[in-house]
Structure formats: C-alpha cells, structure tokens
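One structure is given below, encoded as structure tokens.
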Amino acid sequence: KARGASPPEANLQHLAHIGRGGPTVSQATESAVRWALEALGQAGVDRAHAEKSTLAASDPAQTVVGEIRGRERPDEFVMLGAHLDARRPGNDAIEADTDAAVVIDAARVIHASGTIPRRSIRFVLFIGTKQGKPGSQIYVAAHNEELDRATAAIFFGVGTAPVTGYSLSGRKDILAAVRDTLEPVRSLGVKEFTLNAE
C-alpha cells in the first residue's frame, strides 16, 4: 500500500467505471473488451484477442482470450476463466469486476514469476453471463475440437467472497487429485470441497 494501489485494486477500480451510464450495452461491452485486452497485454499474456460472434443483430457477444504458452506441451492447456460483463452498478457488477480482476492478476503473477509452465495457461473472460451465456457458448463452439486437450478448467464466479475450496460437480474421480494439488495453499484457507454443483 505504501507504493500505491496493488494491480488487482487498480484493475477493480478501472473495471468499476466501465460501461456505467454508457449510451448502449453494446458500447459498454466494447469498452470492457478493450480494457480486458489491454490489461491482459500488460499482464504479459501472449496473443490476447477478442472472439466475436453475433447471435442476434442487437447483441454482439464476445469472449476475450489470452494465453501463456507452455514450454513442453503447448497444445495442452489449463483454462482460467471468469465473466466480464458491463452492466449497471450493483452486486452482479461487483462480482463480475472482482472475478475478471482475479483472472487478470493471476496472469500477471504467473508471468512475473519468470517460470514458463509445462502446459499452456489460457485466460478467458466471457461476455453475456446474465443473457444466457452467449460468450461461453461461442467459445465452446469455436474451440470444440481442442477441448479434449484441456487438462483443467477453473472458473471464478464467487464475486467478493474468498476462495475456500472447490465445487467438483459430482466428479468423485478427481477429488483426491484436487486435494493433493491444492495442499500447498491449504494454510490460506483453501480446504473445503464439495461434490455438488452450484
């Protein structure tokens, strides 16, 4: 704090003003996408880009994607994602802002460590979560053939609450592996797991 705002705090402050009171939802979305592309670029992510598709004439849905390429198995990837929606102020907007900032700061921390991961790490920010999830639908449709090469996918959708564990959505087969993998962060309070889906 003595050196000023932390990168996550700065991201949150910037996100908090995107699209608020903008003329149209489409213009607010474009503003959020431009911010996300710039933020991922500053975080050190390779090839940050927006993937766009028009599901309806009045609702262009987009997904912002960036990647840190792996050194040994670059075609395999771990996905880290959240939603990035430009909406009016409120609890939903705060949650979206927080989740996007967490993903972007994870990219910054990984890049700043100087360590190149074995597999690629893909950072994905989905637009349109509250409108039937068109951003994630577009991503799945566009990347369907490569999804089998995803070794893990972690999505932040908890807003301002601390991460205390994971919901494994019925995947009993991965419970032991997830617990082992996250043992180093157990002291931070990440120790609760449920097999239930939200």
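Bear in mind that the values here come from a model prediction, so they are computed numbers and not experimental data.
In terms of heavy-atom proximity, A100 sits nearest to A82 at N-CB, 4.0 Å. Of all non-hydrogen atoms in A50 and L37, the two that sit nearest each other are N-CD2, 3.9 Å. Across all their heavy atoms, P74 and R69 have their closest contact at O-NH1, 3.2 Å. In terms of heavy-atom proximity, A107 sits nearest to I68 at O-CD1, 3.9 Å. In terms of heavy atoms, D180 sits closest to P184 at O-CD, 4.0 Å.
Within the 4.5 Å cutoff, the side chain of E72 has no heavy atoms near those of the R119 side chain. Counting heavy atoms from C-beta outward, Y166 and L168 have side chains that approach closer than 4.5 Å. Here the side chains of H49 and T63 are not in contact, with every heavy-atom distance at 4.5 Å or above. In this structure, I104 and L40 have side chains that are in contact, with non-hydrogen atoms separated by less than 4.5 Å.
Enclosure of atom CD1 in I116 is not indicated, since only 12 or fewer non-hydrogen atoms of other residues, nucleotides or ligands lie within 6.0 angstrom. For CD of E145, the number of neighbouring non-hydrogen atoms (other residues, nucleotides, ligands) closer than 6.0 Å is 12 at most.
Aromatic ring pairs are classed by plane angle as parallel below 30°, tilted from 30° to 60° and perpendicular above 60°; the pair F126 and F155 is tilted.
The salt bridge (Lys or Arg N to Asp or Glu O under 4.0 Å) analysis of residues 33-48, with sequence neighbours excluded, yields the pairs R47-E67.
One finds the CG atom of D75 at 5.0 Å from the CZ atom of R149 (value rounded to the nearest 0.5 Å). Between atom OG1 of residue T194 and atom CG of residue L175 there is a gap of 9.5 Å, rounded to the nearest 0.5 Å. Rounded to the nearest 0.5 Å, atoms CZ (R73) and CZ (R118) are 5.0 Å apart. Separating the CE atom in M79 from the CD1 atom in I154 is a distance of 11.0 Å, to the nearest 0.5 Å. Taking CZ from F77 and CD1 from I121, the interatomic distance works out to 12.0 Å, rounded to the nearest 0.5 Å.
At a threshold of 4.5 Å between side-chain heavy atoms, the hydrophobic network of Ile, Leu, Val, Met, Phe, Trp and Tyr places V190 and V103 in one connected group. Hydrophobic clustering of Ile, Leu, Val, Met, Phe, Trp and Tyr side chains at less than 4.5 Å, counting indirect connections, unites L84 with V102. Taken together through direct or relayed side-chain contacts under 4.5 Å among Ile, Leu, Val, Met, Phe, Trp and Tyr, W35 and F156 form part of one hydrophobic cluster. One hydrophobic cluster, built from ILVMFWY side chains closer than 4.5 Å, cannot hold both V109 and V45; they sit in different ones.
Applying the side-chain hydrogen bond (donor to acceptor under 3.5 Å, both in side chains) criterion to H143, with sequence neighbours excluded, gives E51, E146.
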Evaluate the criterion side chain to side chain contact (heavy atoms under 4.5 Å, CB included) for residue pair R122 and V65; output intermediate values, then yes/no.
CA-CA 7 Å; R122 192 170 294 177; V65 182; 3.9 Å; yes
